[in-house]
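These notes concern the structure reproduced below.
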Amino acid sequence: MRAVRKRLAGEIGSASLEFLTVGLVLLVPLVYLVVAMASIQAAALGVEGAARQAARVAVLEAEGAPAASVERTVRVVLADYGVDADTTSVVVDCSGPCDEPGTRITVRVGAVIALPLVPQALATSSIGTVRLDGIATHTVSRFTGPS
């Protein structure tokens with residue numbers, strides 16, 4: 001029994017050291033993963049919301065050329081979600097004349113989101129970024145017409 005105690009006496013205190021070492025090695029990547037996923041999810045919600053609101057604005061636009069209003073709407077919504085509007089692309093597609101009742105207007109918003117804590121050199125390449133797309137389609141009301 002004394003031999004076992006003597007042999008284990010050299011191990012006293014090493015469990016806490018091992019726990020801290022392994023805990024930090026596992027905890028740091030896990031925390032980064034949670035932060036990165038939260039950032040990507042917030043940007044995804046922003047891109048999807050921007051597409052949806054832009055499609056609504058395009059449907060309500062009576063001029064037949066909703067591009068300027070759609071761009072402005074996308075910029076405002078993305079700013080609310082903290083997404084850089086300079087890295088986005090907006091495409092408006094109408095199934096017919098945009099101001100004709102029954103026309104389906106589709107708005108596609110694409111954005112490139114930089115991952116958090118990524119150096120600027122990698123954030124400008126595809127390694128440190130994530131591409132997000134949002135698509136929304138609305139139909140011009142059949143009651144739309146000149147007033």
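FYI, the numbering just counts along the sequence from 1. Just so you know, these numbers come straight off a predicted model, no measurement behind them.
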How long is the straight-line distance from [atom2] of [Y] back to [atom1] of [X], given to the nearest 0.5 Å?
{"X": "Ile113", "Y": "Leu115", "atom1": "CD1", "atom2": "CG", "result": "9.5 Å"}
{"X": "Ile135", "Y": "Asp93", "atom1": "CD1", "atom2": "CG", "result": "10.5 Å"}
{"X": "Arg104", "Y": "His138", "atom1": "CZ", "atom2": "NE2", "result": "10.0 Å"}

Validation: residues 27-55 side-chain donor-acceptor distances under 3.5 Å, sequence neighbours left out:
residue	atom	partner	partner atom	Å
Tyr32	OH	Pro116	O	2.8

- Task: Determine yes or no for a side-chain-to-main-chain donor-acceptor pair under 3.5 angstrom, with Thr139 supplying the side chain and Thr103 the backbone.
- Result: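 No, the answer is negative, given that no donor and acceptor are paired below the 3.5 Å cut-off.
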- Task: Determine yes or no for a side-chain-to-main-chain donor-acceptor pair under 3.5 angstrom, with Thr88 supplying the side chain and Ala111 the backbone.
- Result: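 No.
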- Task: Check whether Val91 and Val83 end up in the same hydrophobic cluster, where Ile, Leu, Val, Met, Phe, Trp and Tyr are linked by side-chain heavy atoms less than 4.5 Å apart.
- Result: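 Shared cluster, no.
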- Query: What about Val107 and Val112, same hydrophobic cluster or not, with Ile/Leu/Val/Met/Phe/Trp/Tyr joined at side-chain heavy-atom distances under 4.5 Å?
  - Reply: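 In one cluster: no.
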Side-chain contact test, heavy atoms from C-beta onward, threshold under 4.5 Å: evaluate it for [X] versus [Y] and give yes or no.
{"X": "Thr106", "Y": "Val92", "value": "no"}
{"X": "Val90", "Y": "Glu71", "value": "yes"}
{"X": "Asp80", "Y": "Leu78", "value": "no"}

- Query: Does Arg75 pair with Asp86 as a salt bridge, N-O distance under 4.0 Å?
  - Reply: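 Looking at Asp86 together with Arg75, the answer is yes, because their closest N to O distance falls below 4.0 Å.
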- Item | By side chain to side chain donor-acceptor pair (under 3.5 Å) - contacts of Ser95 (at least two apart) |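 Testing Ser95 for side chain to side chain donor-acceptor pair (under 3.5 Å), a comparison that skips the adjacent residues, returns none.
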